[in-house]
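Questions regarding the structure given below will be posed in turn.
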Amino acid sequence: AIQLWAAERSGHLLGDRYESLRWVLFDNHKVSGVAGALRFHMNFLPPDKRSQAVIDWLTPRLLSALAALEARGQGSSLDAARVSGYLAVLAIAHGDTRTAYDLGEQALRILDRHGLPAALIPDAIELLETLGHAYTTRSPVRDEPRGIHHLRRALRLAAGVELGREHLLRVVSVHTLLARAAHRHGAPTEARDHLERAAALLPRADDPERAAEVHLLLAELDLKIGARATARTHLHEAAALLRTRERPPPELELHARWLSARLGERHDAAARELARSVADALDRAPELIDDFIDPHVLRAWLSAKHKPEK
């Protein structure tokens with residue numbers, strides 16, 4: 001009512017009164033009303049109160065409404081893409097990968113059909129990085145080739161575009177994810193290239209945790225080729241960065257301890273710390289397994305330091 005009153009009084013942004021009213025009501029009932037309820041259910045309810053049945057019931061209704069918006073024209077299509085992409089990022093953040101897959105892929109299909117204006121490039125990079133992360137790690141929708149495709153597309157979009165700090169960090173994440181994938185497939189040169197490109201962005205991104213992750217991954221590559229001195233330098237850089245955080249991510253602490261143990265810096269202490277932190281860290285970051293921490297090597301190392309039953 002306020003929108004209609006303001007448009008009639010000012011003479012702006014109204015066009016055909018009934019057509020405008022049609023889409024205002026459509027948005028309130030079919031789009032914002034459903035998207036708001038879906039977002040609240042996925043984001044603000046405690047995890048034990050969320051119902052997958054409710055999410056599954058609301059999601060196709062929102063997708064249907066967004067398809068109607070898309071059919072209306074390019075402006076509406078880009079709005080639909082933005083809403084779908086935002087909800088996909090939100091869904092993955094809360095572990096609902098099935099909903100994220102539907103919403104994220106719909107957003108990408110809309111953008112492919114209608115082109116990508118410059119204003120939406122940061123949003124598209126965020127969406128591609130989020131989907132790429134889900135597809136390349138151990139999730140119910142794991143599809144590594146699709147994930148790598150999305151990540152490389154994000155890099156192409158980021159080339160030559162001025163990005164703010166938040167989206168620079170997304171690009172750093174894209175490089176680290178591609179480095180992990182390259183390492184899994186036995187391509188250390190490609191992995192190092194991605195890590196060095198990520199390191200070049202870090203001074204502008206100013207994020208100690210991302211910087212520590214890149215140094216740890218570079219240390220892994222150096223250790224693998226026998227460059228222990230360089231690996232130790234990267235480890236010390238990472239450890240210094242982690243000490244600046246009140247609560248460093250447990251998966252990075254684990255990785256630093258694992259490197260320290262293999263570099264022979266703190267044998268017994270490192271073994272005790274590893275034994276305490278393995279389960280917690282890997283629960284939070286299962287993608288570490290088979291990327292840079294070989295589970296068979298880790299098990300053998302711990303077994304050598306502790307009694308077999310431990």
Side-chain angles (χ1 to χ4, degrees), residues 25-70 78-111 120 122-144 146-147 150-151 154 166-167 169-170 173-174 177 209-210 246-252 254 277-289 291:
L25 294 174
F26 180 86
D27 172 68
N28 288 344
H29 181 60
K30 296 292 188 181
V31 181
S32 297
V34 179
L38 182 61
R39 176 174 180 265
F40 178 84
H41 197 85
M42 293 163 53
N43 193 29
F44 295 109
L45 281 182
D48 60 327
K49 301 293 185 184
R50 295 173 196 157
S51 168
Q52 187 61 47
V54 172
I55 293 172
D56 290 344
W57 190 84
L58 289 172
T59 299
R61 283 156 179 78
L62 178 59
L63 292 173
S64 176
L66 293 174
L69 267 182
E70 183 189 355
L78 296 177
D79 287 340
R82 189 188 292 269
V83 171
S84 291
Y86 168 75
L87 288 170
V89 171
L90 186 65
I92 286 180
H94 293 278
D96 185 3
T97 47
R98 286 191 301 160
T99 300
Y101 177 89
D102 291 338
L103 291 167
E105 292 297 329
Q106 167 152 319
L108 293 176
R109 285 194 297 271
I110 294 171
L111 294 175
L120 277 185
D123 292 332
I125 290 171
E126 180 177 5
L127 174 60
L128 290 163
E129 186 271 339
T130 303
L131 288 174
H133 186 276
Y135 289 139
T136 56
T137 57
R138 292 187 171 187
S139 68
V141 294
R142 177 157 184 152
D143 183 345
E144 190 171 54
R146 184 191 294 268
H150 286 338
L151 294 169
E166 178 185 350
H167 292 99
L169 287 173
R170 293 281 182 175
S173 174
V174 168
L177 288 167
E209 291 177 10
R210 286 288 185 200
E246 185 176 347
R247 291 185 177 180
E251 65 272 17
L252 295 185
L254 168 64
S277 62
V278 164
D280 177 59
L282 295 185
D283 280 344
R284 294 171 184 249
E287 65 269 18
L288 280 174
I289 289 291
D291 283 353

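Scope of the values below: all heavy atoms of this structure, side chains included, with no hydrogens, waters or symmetry mates.
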Note, Arg170 side chain near Thr130 side chain (heavy atom, < 4.5 Å):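 Sidechains of Thr130 and Arg170: in contact.
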Under 3.5 Å donor-acceptor, His167 side chain and Pro122 backbone: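 A pair under 3.5 Å: yes.
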Pairwise side-chain contact, Leu177 with Ser173, heavy-atom cut-off 4.5 Å (strictly under):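 Heavy-atom side-chain distance check passes, below 4.5 Å.
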Nearest heavy-atom neighbours spanning Leu128 and Leu151: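 Looking at all heavy atoms of both residues, the shortest contact is O-CD2, 4.2 Å.
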Distance (rounded to the nearest 0.5 Å) between Ile55 CD1 and His41 NE2: 4.5 Å
Distance (rounded to the nearest 0.5 Å) between His150 NE2 and Thr136 OG1: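 Rounded to the nearest 0.5 Å, the NE2-OG1 separation comes to 10.5 Å.
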Heavy-atom pair of closest approach, residues Glu209 and Leu252: O-CD1, 3.6 Å
Heavy-atom pair with the smallest gap, counting every atom of Ala154 and Val174: CB-CG2, 4.1 Å
